[in-house]
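The structure displayed is predicted, hence computed values, not measured ones. Below, chain A is the first sequence line, B the second, and so on; all start at residue 1.
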2 protein chains.
Amino acid sequence: MDSQLFMKIEPHSMENEILYRMREAIVSGKIEPGAHLNETDIAKQMAVSRIPVRESLRKLEQEGLIVRLPNKGCFVITFSEQDINEVFSLRASLESMAYQWAIPKMGTQDVQKLKDLIEQQEQAIRNEDYDELARLDMHFHEYICIKANHSRLLKAWYEQHAQCQMLLNLRFRHLAEYTPETVPIDHHRILKAIENNDPQIAIDLTYEISERVSKDCNETLKSIQAARTAAQ
Amino acid sequence: MDSQLFMKIEPHSMENEILYRMREAIVSGKIEPGAHLNETDIAKQMAVSRIPVRESLRKLEQEGLIVRLPNKGCFVITFSEQDINEVFSLRASLESMAYQWAIPKMGTQDVQKLKDLIEQQEQAIRNEDYDELARLDMHFHEYICIKANHSRLLKAWYEQHAQCQMLLNLRFRHLAEYTPETVPIDHHRILKAIENNDPQIAIDLTYEISERVSKDCNETLKSIQAARTAAQ
DNA sequence: TAGTTGTATACTGTATACAGTATACAAAAA
DNA sequence: TTTTTGTATACTGTATACAGTATACAACTA
């Protein structure tokens, strides 16, 4: 075989499939926070044995999306005010580090790529496609974290990010006033800091944005709790 | 039962036992970096089935102590220069955050506790008990990270710390000039910053120390590699 | 001899089966 | 009626068994 005819086949374990589906269901909110995840049920639904389900649950536990209680099973994480503050503050701290590592390495094609992402975000807002907006929002930050070229930083960021996504989805479903325009506006400001090769401004912005979103999520949490106690 | 007669029994799964033992063996260097971890062998040695061993290996993978290759198994992590830089830089970044969160909360009894740890370190050096010194070194930083009262930060720190310990053990076994005195000296300087309620100085010190230790470990790595190529 | 293919072996990945534990609820006793 | 105890049930934790895959090496072919 002297030329590359076929694409590489990725080792495709069931576990990755299971993991991916469950993570999606939890992050998107299809499974409610606090819900009990029954291994046998999940295994039956997906037509696999409990073992790969268990192993996926382990990974989700490490990612912080579920909590495991010995001999009781797995439960989707519920966020307290402290949890929300933790998630966003740690994410902000990790992104700050990412800016310090990434900005010196960034060239014009990186700036262009980020510019494109912002434009796509504006388009998504015009289309009222907020799922797409959330994805593009994520890609903007992800791009910078990848550019930092720091695998451990990236891994830690992904873990916090999954929980952020979960909270942002929760906010989107429950908060009346949703202001999608803030996403590209914030990103424009960050991009400017990148173009000026000034990590410190990007870092200050990150903490500012983080603070704001954290506040938003806390309000959402309170309104959900208020609605729940009112219903009872 | 009107009074507390018996201590609570912690749910004691085999897995925790297995996890603890394997982690210790890897961090301490009893198992060489790069070594293949055979599930069946380990299960046999510990007289358990492969399942709890597998689950422990998953956790070690998430902690970054081992690498899993699909259908090939688990291998103890080997550190490249990039890995070493990553581990120490991320740890420094996390500790910086810990200082910002912890220092405002610290009182005289915290300072006293840290002072005691430093004294114990000096005693350990006099006793030439370097295992104990490593433990006390760890406790100093751990105390601050716990005081930050940020569970996600603490979790991320523990993950980096396990790899740091592994590298420091490697250095201890291979590096000729070992200067244990630096540990309490550095800690004295950090403690002073804490007493002065000045996180920024503590942060600057952390990066300085991190840089130094990182350099040391990289040198160790090179000397090990040089010894290996010479042997071949 | 060099390169390819077949085959054995040993390992991981998954399925099934059973043991251990938590929980809810009914029955019994105070 | 309230508290305690027994019991059933359903779940997780673990063991065993087997299927799928990677690797090494022998046999074969050009």
May I have the distance from [X] (atom [atom1]) to [N] (atom [atom2]), rounded to whole angstrom?
X	N	atom1	atom2	answer
Asn16(A)	dT14(C)	CG	C1'	14 Å
Asn71(B)	dT21(D)	CG	P	7 Å
Phe75(B)	dT23(D)	CZ	P	9 Å
Leu19(A)	dG13(C)	CG	P	14 Å
Asp41(A)	dC11(D)	CG	P	6 Å
Lys59(A)	dG13(C)	NZ	P	12 Å
Arg68(B)	dA22(D)	CZ	P	14 Å

Worksheet item: Taking it one step at a time, do Arg135(A) and Glu132(A) satisfy salt bridge (charged side-chain N to carboxylate O under 4.0 Å, His left out)?
Response: CA-CA 5 Å; Arg135(A) 249 191 307 281; Glu132(A) 177 68 7; 3.1 Å; yes
Look at [X] and [N] and indicate whether a side-chain polar atom (N or O) is within less than 4.0 Å of OP1 or OP2.
X	N	value
His36(B)	dT12(C)	yes
Arg54(B)	dG13(C)	yes
Lys72(A)	dT23(C)	yes
Ser49(B)	dT14(D)	no

Worksheet item: Do the side-chain N and O atoms of Tyr158(B) and Glu142(B) include a donor-acceptor pair separated by under 3.5 angstrom?
Response: yes
Worksheet item: With a 3.5 Å cut-off and no angle check, do the side chains of His150(B) and Ser89(A) form a donor-acceptor pair?
Response: yes
Worksheet item: Contact class for Leu57(B) vs. all strands (heavy atom < 4.0 Å): base, sugar-phosphate, or nothing?
Response: nothing
Discussion item. Do Gln163(A) and Leu65(A) have side chains that approach each other closer than 4.5 Å (heavy atoms only, starting at C-beta)?
Written reply: yes
Fill in: Given DNA chain D, 5'-ward residue of the pair Arg50(B) and Glu55(B), judged by closest heavy atom
Glu55(B)
Practice prompt. Verify, without hydrogens or angle tests, whether Glu86(B) (side chain) and Ser151(A) (backbone) share a donor-acceptor contact under 3.5 angstrom.
Written response: yes
Worksheet item: If you look at every heavy atom in Cys164(B) and Val87(B), which pair is closest and at what distance?
Response: SG-CG1, 3.3 Å
Fill in: Angle by which the axis turns from one end of the helix from dT1(C)-dA30(D) to dA30(C)-dT1(D) to the other, five pairs per end, to 10 degrees
0°
Worksheet, complete the sentence: Assert: residue with more 5' nearest nucleotide on DNA chain C, out of Asn38(B) and Ile51(B), is Asn38(B)
Item to complete: Looking only at side-chain atoms of Val48(A), point me to the closest of dC11(C), dT21(D), dA15(C).
Response: dA15(C)
Item to complete: Output the single nucleotide from dT12(D), dT12(C), dA15(C) whose closest atom is nearest the side chain of Glu39(B).
Response: dT12(C)
Item to complete: Report, as yes or no, whether the 6.0 Å neighbourhood of atom CD on Glu211(B) holds more than 12 heavy atoms from other residues, nucleotides or ligands.
Response: no
